[in-house]
J.: 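Okay, here's the structure, questions in a sec.
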Amino acid sequence: MAMTTIAVSRRQALAGAGGLLMAVVLPRARSRAATVTRIVEDQTGPFAPNAFVRIAPDGSITLILPNVEMGQGIYTGEAMLIAEELDVGLDQIQIEAAPADEAYVTKALGTEATGGSTSTIATWKSLREAGAVARTLLIRAAADRWVVDPASCQSEAGVVRHVPTGRTLTYGELAVEAAALPVPSGPVALRDPSTFRLIGHAQHRLDGPAKVNGTATFGIDIQQPDMKIGTVAACPVMGGVLLHVDDRAARQVPGVRDVLTIGNAVCVVGDHYWAARKGLEALAITWDEGVNATVSTETVYRQLHEALQGPAIVANTKGDAKTAIKGAAARVEAVYQQPLLAHAPMEPINCTVHVTPERCDVWVGTQVPMRARDAAAEVTGLPKEKVFLHNQYIGGGFGRRLEHEYVTQAVQFARQVPYPLKVIWSREEDLTMDRYRPAYVDHLVGGLDAHGKLVGLSHRIVGPAVVARWAPEALLPNGVDDDLLVATVETPYAIPAMFLDYARRETPGVVTAWWRGVGGTRGVFVIESFIDELAASAKVDPVAFRRRMTEDRPRARAVLDLAAEKAEWGTTLPEGVGRGVALQYVFGSYLATVMEVEMSTMGTVRVRRAVVAVDCGRVVNPDQVVSQIEGGLIFGLSAALFNEVTLKNGRVQEKNFNTYRVLRMNESPAIEVHLIDSTEDPGGIGETGTAAAAAALANAMAAATGRRYRRLPLTGPQA
Amino acid sequence: MLTLQVNGTAHQVDVPDDMPLLWVLRDVLGLPGTKFGCGIGQCGACTVHVDGKAVRACSLPVSLVGRRPVTTIEGLAEDEVAAEVTKAWLEIDVVQCGYCQPGQIMAAIALLKGNLHPSDDEIDQAMSGNICRCGTYRRIRAAIRNVAGAV
């Protein structure tokens with residue numbers, strides 16, 4: 001794993017660059033030639049010792065970043081990792097999105113993918129090695145030219161210097177000679193962290209300027225010559241098919257050019273989105289809605305609750321929890337329910353495709369480039385190497401763009417026409433044709449001894465196995481989706497005896513999918529709510545209760561203590577105001593969150609303040625860690641307070657932001673984030689804030705009102 | 001045929017009267033900086049200035065714009081308040097995915113042009129029509145306060 005980068009051969013690197021067209025030219029590098037460099041398979045070509053670094057004789061330095069930018073700041077973080085070891089400034093580089101290629105596979109996800117808060121964990125070593133290999137070769141090339149010992153040369157800011165004589169050569173001047181040198185087969189030395197110039201020091205986002213002046217290109221902004229724009233109506237009931245479409249009125253709409261059909265959807269194509277949209281509204285469509293036409297939210301919950309009784313797969317055992325609970329002084333029991341959730345990124349689903357007999361070009365923001373490419377190859381019948389996937393900035397991912405069914409759909413339409421087709425879903429289509437975070441029901445039983453100490457925990461999870469569809473090979477041999485073990489088996493606590501079983505129930509009528517925080521968001525709500533219920537039963541303060549359970553977990557204890565101190569835990573609050581705490585260890589990072597909430601007698605909920613303490617190991621770009629916690633919390637709060645996707649007659653009822661409510665500025669709390677200095681390897685961060693939100697909020701609401709909140713959303717009818 | 005004043009230039013456009021300004025900007029005039037988010041004036045991603053006021057371009061039929069000047073995120077080069085706003089945005093790294101930010105920035109500029117020293121309540125009032133799914137609200141508010149402090 002550690003030597004992944006070095007194992008990437010030049011041949012692979014060259015193959016990897018074949019589909020590379022998108023170049024994000026850094027605004028800070030504007031004074032430089034904005035070259036969209038392409039590797040050509042040519043020994044006199046640029047220096048490309050691996051899939052992540054290219055240096056051309058003209059001096060341009062291009063970093064190819066394996067993960068896609070969807071707001072999480074990864075372009076900046078990954079560029080910092082390479083630049084640190086390559087010895088270049090962030091103002092000397094340009095960056096490119098990785099093409100669809102094996103060289104960029106994230107091992108933990110089994111494909112080229114950005115998700116699961118894995119990016120920094122996966123590239124922390126490999127991208128620094130990529131930079132170090134390149135630097136080593138450039139220094140050797142310089143030493144060879146000068147006929148000196150490489151040890152007498154140093155690199156700095158894109159230049160190699162021969163220290164005794166002061167001679168210098170730029171990386172560009174060395175590119176051709178460095179390209180001719182063999183790539184080292186063994187490990188290369190990495191910098192001592194105490195000498196880091198970039199890592200650990202806040203750097204401005206590289207994508208900032210383009211995103212504030214409106215020039216950043218998202219998938220939806222793609223323009224191609226002769227391009228037309230389509231919008232889609234798919235069968236509103238999942239699994240239904242198209243029986244008939246009367247498109248006579250639609251074709252009369254000025255600007256409408258084509259009406260295209262596939263098995264379960266219709267696309268109206270126009271000169272602009274408005275023509276397409278008006279055309280779509282003028283269609284008379286008859287669907288065969290199929291077997292899901294009677295599915296309702298009640299169906300979904302009934303099925304989940306019924307599975308609390310009956311058989312289940314044993315997912316994890318530690319000690320004899322059932323006996324421990326039987327013999328306990330006090331027994332605590334609770335059932336928690338979580339709803340279906342939509343992703344609702346700001347940029348509605350879109351994909352631009354041009355199919356010709358020779359090739360297929362796909363412009364899209366995707367978290368899974370290889371899957372998107374392969375889908376286009378399958379639909380068109382073209383070989384994969386004739387499909388060119390141009391990944392774009394993503395206007396919000398949150399897991400939605402780990403799916404690629406909309407790429408398949410767009411290619412199915414685009415292969416019917418000779419022109420480039422940009423398919424844009426309306427917000428209504430985006431919300432009702434989403435792939436949803438599943439609904440879950442959890443049943444927990446805990447036993448406390450006479451001192452109020454947890455002696456055993458028994459837990460049943462009921463819900464779908466998302467992994468069984470998304471990566472079937474990753475479903476555990478016993479049939480358990482290991483995403484469900486996140487935050488439930490691996491907790492920040494010492495729990496003497498645990499029993500966890502799982503009743504798999506796939507949700508009828510929808511496709512379920514990953515959603516920001518995945519198992520962490522699901523599991524932290526359940527576990528941290530229940531820890532509070534145990535503390536209440538033991539008549540122990542929630543922070544004190546957690547301190548007792550983390551005596552031999554110093555990192556967990558440290559974030560808990562820091563958050564409690566910064567939030568002034570224990571000080572008196574006005575009537576109707578409550579504080580709640582949540583402690584978590586997910587994605588390899590420790591978080592403690594204290595939320596303060598005000599409940600009015602009218603039942604309204606105002607989140608006043610959130611204080612978060614974070615230990616995510618070594619930090620690459622500290623201010624972006626803070627940003628992810630702030631934003632992750634807001635994302636989680638929206639869902640915890642307001643969001644539930646409901647079904648009636650097989651149709652999703654929430655169609656736009658008026659019925660799928662999102663937290664707004666006037667509703668968002670003050671947020672303070674405190675980072676703990678750490679020399680541990682980095683943990684993930686992008687999803688941790690979201691995972692913290694619901695539990696801390698529910699616990700704060702319970703503190704304010706004296707009653708428990710076991711059903712999400714917390715302001716919904718179910719709560 | 002309509003004449004539209006966009007970013008200081010007159011454009012002749014042959015489009016349906018009911019076509020929202022948003023799609024004229026994006027698909028006819030080639031100005032993709034203004035974003036599509038919801039189509040019903042709920043999210044603010046499409047915020048532009050018409051006669052200096054923040055409006056939702058997704059819900060404004062182009063025929064109702066008339067002779068009033070339209071300014072989009074692409075038309076701010078000469079604007080001093082806009083320069084301060086974008087500087088403030090960059091100084092504290094407001095953006096994440098960035099998709100809503102042109103709308104946020106247009107809303108902030110309109111606010112500051114009418115009221116250089118808005119209170120927190122006034123900021124909330126002016127900005128709460130603009131959704132950010134990445135949750136950059138705290139930084140947006142801080143950036144607006146910083147502009148107010150700088151001018």
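Each chain gets a letter, A, B and so on, in the order the sequences are listed, and its residues count up from 1.
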J.: Taking side chain as everything from C-beta outward and backbone as N, CA, C, O, which of these in Gln223(A) sits under 4.5 Å from a heavy atom of chain B? Side chain, backbone, both or neither.
T.: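 It is the side chain, since no backbone atom gets that close.
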
J.: Once rounded to the nearest 0.5 Å, what's the spacing between atom CG of Asn213(A) and atom CH2 of Trp89(B)?
T.: 14.0 Å

J.: Run the side-chain contact (heavy atoms from CB on, under 4.5 Å) check on Leu22(B) and Trp274(A) step by step: do they pass?
T.: CA-CA 9 Å; Leu22(B) 171 65; Trp274(A) 189 243; over 6 Å; no

J.: Would you call Arg664(A) and Asp124(B) a salt bridge, using N to O less than 4.0 angstrom?
T.: no

J.: Among Val94(B), Thr86(B), Asn130(B), Leu90(B), single out the residue with the greatest number of heavy-atom pairs under 4.5 Å to chain A.
T.: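 Highest number of pairs under 4.5 Å: Leu90(B).
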
J.: Would you compute the distance between atom CZ of Phe657(A) and atom CZ of Arg133(B) and round it to the nearest 0.5 angstrom?
T.: 6.5 Å

J.: Using non-hydrogen atoms only, which part of Phe218(A) is less than 4.5 Å away from chain B: side chain, backbone, both, or neither?
T.: side chain

J.: Are Asp27(B) and Lys422(A) within salt-bridge range, i.e. N to O under 4.0 Å?
T.: no

J.: Could you measure the distance from the CD1 atom of Ile123(B) to the CG atom of Asn666(A)? Nearest 0.5 Å is fine.
T.: 12.5 Å

J.: What part of Leu31(B) is in contact with chain A, defined as an atom under 4.5 angstrom from a non-hydrogen atom: side chain, backbone, both or neither?
T.: neither

J.: Looking only at non-hydrogen atoms, find the nearest pair between Phe36(B) and Trp425(A) and report the distance.
T.: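 Phe36(B) and Trp425(A) have their closest heavy atoms at CE2-O, 3.7 Å.
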
J.: Within a reach of under 6.0 Å around CD of Gln125(B), are more than 12 heavy atoms found that belong to other residues, nucleotides or ligands?
T.: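 No, the 6.0 Å shell around CD holds no more than 12 heavy atoms from other groups.
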
J.: Would you find a donor on one side and an acceptor on the other, under 3.5 Å apart, between the side chain of Lys211(A) and the backbone of Gln96(B)?
T.: yes

J.: Mind ranking Gly98(B), Gly33(B), Pro102(B) by heavy-atom pairs under 4.5 Å with chain A and telling me who comes out on top?
T.: Gly98(B)

J.: So which residue, Lys35(B), Met19(B), Met127(B), ends up with the most heavy-atom pairs under 4.5 Å with chain A?
T.: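 Result: the option with the highest number of such pairs is Met19(B).
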
J.: Answer whether the closest heavy-atom distance between the side chains of Asp623(A) and Arg139(B) falls below 4.5 Å.
T.: yes

J.: Please classify the contact between Ile131(B) and chain A as side chain, backbone, both or neither, with a heavy-atom cut-off of under 4.5 Å.
T.: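 For Ile131(B), backbone and side chain are both near chain A.
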
J.: Which bit of Arg141(B) is near chain A, if near means a heavy-atom gap under 4.5 Å: side chain, backbone, both or neither?
T.: both

J.: Are the side chain of Asp93(B) and the backbone of Gln624(A) linked by a donor-acceptor contact shorter than 3.5 Å?
T.: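 Not a single qualifying donor-acceptor pair exists.
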
J.: When only pairs under 4.5 Å are counted, which of Met227(A), Met346(A), Arg427(A) shares the most heavy-atom pairs with chain B?
T.: Met346(A)

J.: To the closest 0.5 Å, what do you measure between CZ (Arg26(B)) and NE2 (His272(A))?
T.: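 Nearest 0.5 Å value for the CZ-NE2 distance: 14.0 Å.
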
J.: Which atoms of Leu637(A) are under 4.5 Å from chain B, going by heavy atoms: the side chain, the backbone, both sets, or neither?
T.: neither

J.: Answer with side chain, backbone, both or neither: which region of Val28(B) has an atom nearer than 4.5 Å to a non-hydrogen atom of chain A?
T.: side chain

J.: Just how far is it from atom SG of Cys134(B) to atom CE of Met70(A), taken to the nearest 0.5 Å?
T.: 10.0 Å

J.: Closest heavy-atom contact between Gly37(B) and Pro348(A)?
T.: O-CG, 3.9 Å

J.: Tell me, for Glu428(A) versus chain B, whether the close heavy atoms (under 4.5 Å) come from the side chain, the backbone, both or neither.
T.: side chain

J.: Hey, which of Asn656(A), Ile634(A), Leu431(A) has the most heavy atom pairs under 4.5 Å with chain B?
T.: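 Max contact count across the listed options: Asn656(A).
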
J.: Please classify the contact between Val626(A) and chain B as side chain, backbone, both or neither, with a heavy-atom cut-off of under 4.5 Å.
T.: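 Both the backbone and the side chain of Val626(A) come within 4.5 Å of chain B.
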
J.: As an exercise, state the distance from OH of Tyr137(B) to CD of Glu667(A), rounded to the nearest 0.5 Å.
T.: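 It comes to 8.0 Å.
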
J.: Among Ile92(B), Val15(B), Val85(B), Ile73(B), which has the most heavy-atom pairs under 4.5 Å with chain A?
T.: Ile73(B)

J.: Give, as side chain, backbone, both or neither, the part of Ile229(A) having an atom under 4.5 angstrom from any heavy atom of chain B.
T.: side chain

J.: What part of Ala344(A) lies closer than 4.5 angstrom to a heavy atom of chain B: side chain, backbone, both or neither?
T.: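 For Ala344(A), heavy atoms of backbone and side chain both lie under 4.5 Å from chain B.
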
